[in-house]
**Student:** 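First, the structure itself, so that you have it in front of you.
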Amino acid sequence: MKKMPDDRGYFGAFGGRFVPETLMAPLAELEEAYRKAGRDRGFQTRLDELLEHYVGRPTPMYLARRLSARLGGARIWLKREDLCHTGAHKINNALGQALLACEMGKGRVIAETGAGQHGVAVATAAALLGLECRIYMGSEDIRRQELNVVRMQLMGAEVTPVDAGSQTLKDAINEALRDWVTNVRSTYYILGSVLGPHPYPMMVRDFQTVIGREAVVQIKKAARGMPDLVVACVGGGSNAAGIFSAFVSYPAVGLVGVEAGGRGITPGDHAARFSEAGAPGILHGTRTVVLQDDDGQILGTHSISAGLDYPAVGPEHALWRENTRVSYTHVCDDEAVAAFHLLAESEGIVPALESAHALAYAVRVAQSMPLNSNILVNLSGRGDKDLAEVSRAEGDAP
Ligand SMILES: *Cc1c(COP(=O)(O)O)cnc(C)c1O
């Protein structure tokens, strides 16, 4: 299989670098620093040590016996990214990029955040490495995710509200890009998913492939072979890219990416980019599949899980879908909430609502698969952050 992306940062017709002229040189410099770090044993060793002793890797591969028995079909295995420090896979990437910032001699990092999970991971890495840190967050999101705002501030990060547009993630990204253009000499921009201009989609994927590398070894040993299916939720697509990339070269392993179906597939009610409203377009520096209307205006999105609520998807996923190596589907809010309860009751594990989308798909298909088959679900994060949202959805709280 050809190594992706190509030298210009393209995954087939997707990806690239669509940014103002002032960012072309900084992105080239970033790419160079990243490639140099890849060849530097010292950098890799330092990152591996932090992943082991600070993040808590390798994360376990867990056989959900009671859940599997209840469904009566394939065995369901969980890759436990929920057990990472800070509660999700995002720290793998935040730490990698923060180390790279140090390597490049930048004393300040900035990031965007939606629900606050990436902001928390970046604030954590910045505190650990002694970097100045500013997080851009939509004011609407700040209101919805107060706990994460307090967490970031506790670690010394400055949280800057963004009042523009819909006051959510995509507006926060615009603001972070603006800051970067202005302060590019002192500042490193830590992007949170496999999005944005080259080299971000490649770099974020690479920092997340630790999930897949561990998972291949673990499942081979525990299930005595490769899984029949690997399932992951797809927001920007970083946890999915991290686990899929280790399995893409095994054609017998089915790969399924699960997007947010929200309230259903009507414009504005979902974030399923690969459903009918998604078409090629450019958003935040990359050419990919974007939810848009007939005039190319970006559509509003909805999902009960903030981490999946974004109108574009990583460019590598657009290619995987085009060449049919990965199939994509969606799960609606209700089905995700049901899976959230099912895992809590049958295994004593409360998943993030994002991860519950992947789990819901496994629940949907497990029964129709043979008893000795294996489904591996990437449990990208834990659900403590979602308790209030779930009660709200069920009408138990304001
Ligand atoms: C942010 C987040 C996601 C979605 O982001 P990806 O880049 O698609 O992985 C999924 N799960 C959790 C727990 C998250 O915090």
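Counting begins at 1 with the first residue of the sequence. Indexing begins at 1, ligand by ligand and atom by atom, following the structure's order.
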**Student:** Report yes if some N/O of Ser238 lies less than 3.5 Å from some N/O of ligand 1; otherwise report no.
**Tutor:**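 N/O-N/O distance under 3.5 Å: yes.
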
**Student:** Can any side-chain N or O of Glu112 pair as donor or acceptor with the backbone N or O of Leu169 at less than 3.5 Å?
**Tutor:**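 Checking the backbone N and O of Leu169 against the side chain of Glu112, no donor-acceptor pair under 3.5 Å is found.
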
**Student:** Any non-hydrogen atom of His89 lying under 4.0 Å from ligand 1?
**Tutor:**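 Checking ligand 1 against His89, which is what was asked, there is a heavy-atom contact under 4.0 Å.
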
**Student:** Within the 3.5 Å criterion, strictly below it, is a donor on Ser166 or Thr168 matched to an acceptor on the partner's side chain?
**Tutor:**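 On atom types as modelled, these side chains qualify, holding a pair under 3.5 Å.
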
**Student:** Before accepting this row, confirm whether a basic side-chain N of the pair Glu354/Lys385 lies closer than 4.0 Å to the acidic partner's carboxylate O.
**Tutor:**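 Here Glu354 pairs with Lys385 in a salt bridge, since their nearest N and O are under 4.0 Å apart.
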
**Student:** Which atoms of ligand 1 are found less than 4.0 Å from any heavy atom of Gly235?
**Tutor:**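 The atoms of ligand 1 under 4.0 Å from a heavy atom of Gly235 are 8 (O).
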
**Student:** Give a yes or no answer on whether the side chain of Asn93 reaches the backbone of Leu191 with a donor-acceptor pair at less than 3.5 Å.
**Tutor:**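 Side chain of Asn93 to backbone of Leu191, a donor-acceptor pair under 3.5 Å: yes, one is there.
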
**Student:** Which ligand 1 atoms are under 4.0 Å away from a heavy-atom of Cys233?
**Tutor:**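 Counting atoms of ligand 1 from 1, those under 4.0 Å from Cys233 are 10 (C).
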
**Student:** Run the contact test for Gly237 against ligand 1 with a 4.0 Å cut-off on heavy atoms, strictly below, and give the result.
**Tutor:**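 Right, Gly237 reaches ligand 1.
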
**Student:** Using a strict 4.0 Å cut-off to heavy atoms of Asn239, name the atoms of ligand 1 that fall inside it.
**Tutor:**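 Listed by number with element: 6 (P), 8 (O), 9 (O), 10 (C).
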
**Student:** For Ser380 and ligand 1, does the shortest N/O to N/O distance drop below 3.5 Å?
**Tutor:**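 Such a contact does occur with ligand 1.
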
**Student:** May I ask you to list the atoms of ligand 1 that are less than 4.0 angstrom from any heavy atom of Gln117?
**Tutor:**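 With Gln117 as reference, the close atoms of ligand 1 come out as 15 (O).
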
**Student:** Which of the numbered atoms in ligand 1 are under 4.0 angstrom from any heavy atom belonging to Ala352?
**Tutor:**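 By the 4.0 Å cutoff, the relevant atoms are 13 (C).
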
**Student:** Does the side chain to side chain contact (heavy atoms under 4.5 Å, CB included) test come out yes or no for Lys79 and Asn378, once each step is laid out?
**Tutor:** CA-CA 5 Å; Lys79 178 62 174 160; Asn378 197 21; 3.6 Å; yes

**Student:** Among Thr160, Asp179, Thr113, find the residue that satisfies the side-chain hydrogen bond (donor to acceptor under 3.5 Å, both in side chains) test when tested with Tyr136.
**Tutor:**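 It is Asp179, the one option of Thr160, Asp179, Thr113 that forms the side-chain hydrogen bond (donor to acceptor under 3.5 Å, both in side chains) with Tyr136.
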
**Student:** Under a 4.0 angstrom heavy-atom cut-off, which atoms of ligand 1 come close to Gly381?
**Tutor:**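 Numbered from 1, ligand 1 contributes 13 (C).
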
**Student:** Could you identify the single nearest non-hydrogen protein atom to atom 4 (C) of ligand 1 and state the distance to 0.1 Å?
**Tutor:**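 Closest protein heavy atom to atom 4 (C) of ligand 1: Gly307 O, 3.3 Å.
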
**Student:** For Thr187, does its backbone N or O pair with a side-chain atom of Asn183 as donor and acceptor, under 3.5 Å?
**Tutor:**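 No, the answer is negative, given that no donor and acceptor are paired below the 3.5 Å cut-off.
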
**Student:** Please check whether Leu308 reaches ligand 1 - meaning an N/O of the residue sits under 3.5 Å from an N/O of the ligand, judged on distance alone.
**Tutor:**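 Min N/O separation from ligand 1 is not below 3.5 Å for Leu308.
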
**Student:** Between Lys90 and ligand 1, find which residue part has any heavy-atom pair under 4.0 Å and reply side chain, backbone, both or neither.
**Tutor:**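 The answer is the side chain of Lys90.
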
**Student:** Just by distance, do the side chain of Asp141 and the backbone of Met137 share a donor-acceptor pair under 3.5 Å?
**Tutor:**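 Checking the backbone N and O of Met137 against the side chain of Asp141, no donor-acceptor pair under 3.5 Å is found.
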
**Student:** Could Arg35 and Glu32 be called an ion pair, given the rule that one side-chain N must be under 4.0 Å from one carboxylate O?
**Tutor:**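 No.
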
